[in-house]
Amino acid sequence: MRRSKKISVTLTSGVVAVAMAGCSPEQVDISTFTSADQCAAMGNALDACEASFAAAQENHVQAAPRFESRLDCEAEFGAQNCAPAEAQIAAMTGEEQPQQQQASGGSFFMPLMLGYMMGSALAPRQAVAAQPLYRTAGGNYTTPAGTNVGRSLGGTQTVARSSVRPATSARTVSRGGFGSNQARGVTSSRGYGSSGMG
Amino acid sequence: MQRLATEPRPTWQQIVEAEGLVWHTDEVPYWSEDRYYAFEDAEAEVIEAATAELIARCYDAVDYAVAKPERLTNLGIPEEHHALVRGSWQRQDPDLMGRFDLAYCGGEDTPKLLEYNADTPAALLESAVVQWDWLEGKGRRVVTDADQANSVHEALESAFTKLAEMSGGGLMHFAALRDYPEDAGTADYVADVAGQCGFEVVAMDLRDIGVTADGYFTDLEERTIQRLWKLYPWEEMLAEPFAANLAAASIAFLEPPWKLVLSSKASLALLHHLFPDHPNILPAALDGEDNALSAPLIRKSFFGRQGTDVAPAVEPRMPGKDYILQAETKTWTDGARHAVIGSWVVAGAPAGMMVRESIGPITTGDARFVPHLLYPPRP
């Protein structure tokens, strides 16, 4: 219970950042592939490759940017790189997807998933979520959030963790169902973590 | 156990603020480094041993409580949430931290459990970081080779590392009422530790949690919340609209729902019932039931915080709440002020001590946090 090791504490943009050897990744290693087969061919375990590919497909269904017209989608992702959302999702999940229709009855368009990224097998504790990759009209592979991972797949690179945080599309139907008894903007009274018997 | 005066470090406010302790002074001083408590090594061992013993008895009490619905009801847990609490214990959902408040007068005195802050323990940053830095920057100048009963920070790192290994890491959300600086500051500290030990962390306001049509909780960027550390009491959450979504949700909580058993002060009565002759457990009973307790007694509400709803039993009971009665016990005093030991529990093990000092015998929101040191072992 005694003798904490030496702690060095710095204040980083309003948040305490406590630095301790062996525990501080802000950069993560990612691998990018065209397919689970390529991933396995490059020496990774096939089931890990396939599991990550499936997770990337799921994220694609949720998070791919959606466009009202094929033209808008292709302007960003290039000719031949877009397809109706319904069709893509049905192909992946085998299910009907009525929500993918616009109010006008037309389909949304999404870029095609042309590859995927996952955490590097050499750094499993970095906990990187798998994501789909699209190719832009300019020839770069990007995540749904738009992070550029280069002009070719089948390699490993180091990136800032914040740039590969997965995004999902809006699906919240209600907010504020916890803490709803608590008014905002309280100034002087103490919260739950404040000193006293709390 | 001694209380001694000392000079504050000349720039102490800037120092502790740089460590995140922006709430060092409120309307009254809180962080107080013009004084410190000094313990013998053997006294820290007494506290540590009592803490380890109480942890084990508390787990026994949870196991007992979940076995029958009336026991959970007697703890103030609504029947519609019994399954959540019971299931959490049966799954052995890991717990992260809590803090025992112990009455201890030093030397060979037997520590007595005043209460267990099992859900939202305060004074974490002060304990884990700020008082350690005081020891290195000041305490060791006052007492050469002084130590401190404190590995709270390391224990948190180890706990998060293990949690990340068990769960594969991934995203963890840290929710608090962020317009309270202490709550936000504490959440940021815990999130920082977790983020360095295998998780990707997001700090957010608890009130921004959303829910989807299929029952997933979400943050403001529409990410699914799969792991949530919350600085907010379980009994409040269970009384709020999203409680209806908890049973079906696929989400892990720190602290887990079973901690609510120990967060209710009714668990103090349960502990005495299960272990009536235990040296560290004070006689206690549910107020309003027949009991064999002897005066003087203190009345405490099940879920009061900051010393609210804690008063001598001879005073009138406030209506509308549930109470226990607990035998009064002596806390350390020098005649002018009282001190209560806070003993941290991280991942089920003793992790460090802290001291709070107040004028009256009940520790309230006006209590001061006072750093401590251990004298080096005598040759």
Side-chain angles (χ1 to χ4, degrees), chain A residues 1-12 14-20 22-26 28 62-63 119 124-129 161-162 165-198, chain B residues 18-20 30 48 115 117 120 122-123 129 132-133 147 149-151 153-154 157 164 168-170 176-177 179-180 182-183 186 188-189 192-193 196-200 206-213 218 221-223 231-233 237 240-242 305-307 350-352 363-365 367 369:
Chain A
M1 197 163 103
R2 284 7 107 66
R3 292 188 181 83
S4 266
K5 297 193 190 65
K6 181 165 164 51
I7 304 170
S8 84
V9 177
T10 54
L11 184 60
T12 311
V15 173
V16 176
V18 185
M20 194 76 185
C23 243
S24 57
E26 287 164 300
V28 292
Q62 289 187 336
R125 263 197 50 219
Q126 285 182 348
V128 178
R161 183 186 276 287
S162 57
R165 187 172 282 169
T168 59
S169 55
R171 44 207 182 94
T172 294
V173 297
S174 169
R175 229 177 259 289
F178 287 132
S180 48
N181 297 332
Q182 312 300 323
R184 268 197 209 262
V186 184
T187 49
S188 63
S189 51
R190 316 295 281 277
Y192 291 101
S194 62
S195 68
M197 294 280 225
Chain B
E19 291 161 356
Y30 167 57
E48 184 171 353
E115 70 170 64
N117 298 286
T120 61
V129 175
W132 182 262
D133 185 67
D147 200 348
N150 186 2
S151 48
H153 180 79
E154 282 175 312
E157 287 189 316
L177 303 183
D179 41 10
Y180 295 107
E182 276 191 63
D183 290 31
T186 302
D188 288 343
Y189 166 64
D192 191 71
V193 176
Q196 293 181 49
C197 293
F199 288 99
E200 201 201 334
L206 185 98
R207 293 160 290 198
D208 290 333
I209 292 175
V211 75
T212 67
T218 55
E221 287 168 37
E222 299 294 348
R223 286 174 292 230
L231 183 54
Y232 193 74
M237 285 177 65
E240 288 171 346
F242 281 177
R305 278 172 165 74
Q306 294 181 41
T363 311
T364 65
F369 188 105

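The figures here come from the full heavy-atom set of this structure, side chains too, leaving out hydrogens, waters and symmetry mates. Computed from a prediction, not measured in an experiment: that's the story for all the values here.
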Under 3.5 Å, is there a donor-acceptor pair linking the side chains of A:Thr172 and B:Thr212?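 Not at all, the side chains of A:Thr172 and B:Thr212 share no donor-acceptor pair under 3.5 Å.
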Taking atom CZ of A:Arg175 and atom CD1 of B:Ile209, what is their separation to the nearest 0.5 Å?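 Going from CZ on A:Arg175 over to CD1 on B:Ile209, the span is 9.5 Å.
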Distance, nearest 0.5 Å, that separates CD of B:Glu240 from CZ of A:Phe178: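 These two atoms lie 7.5 Å from each other.
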Note, A:Ser174 side chain near B:Phe242 side chain (heavy atom, < 4.5 Å):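 The answer is yes; the side chains approach within 4.5 Å.
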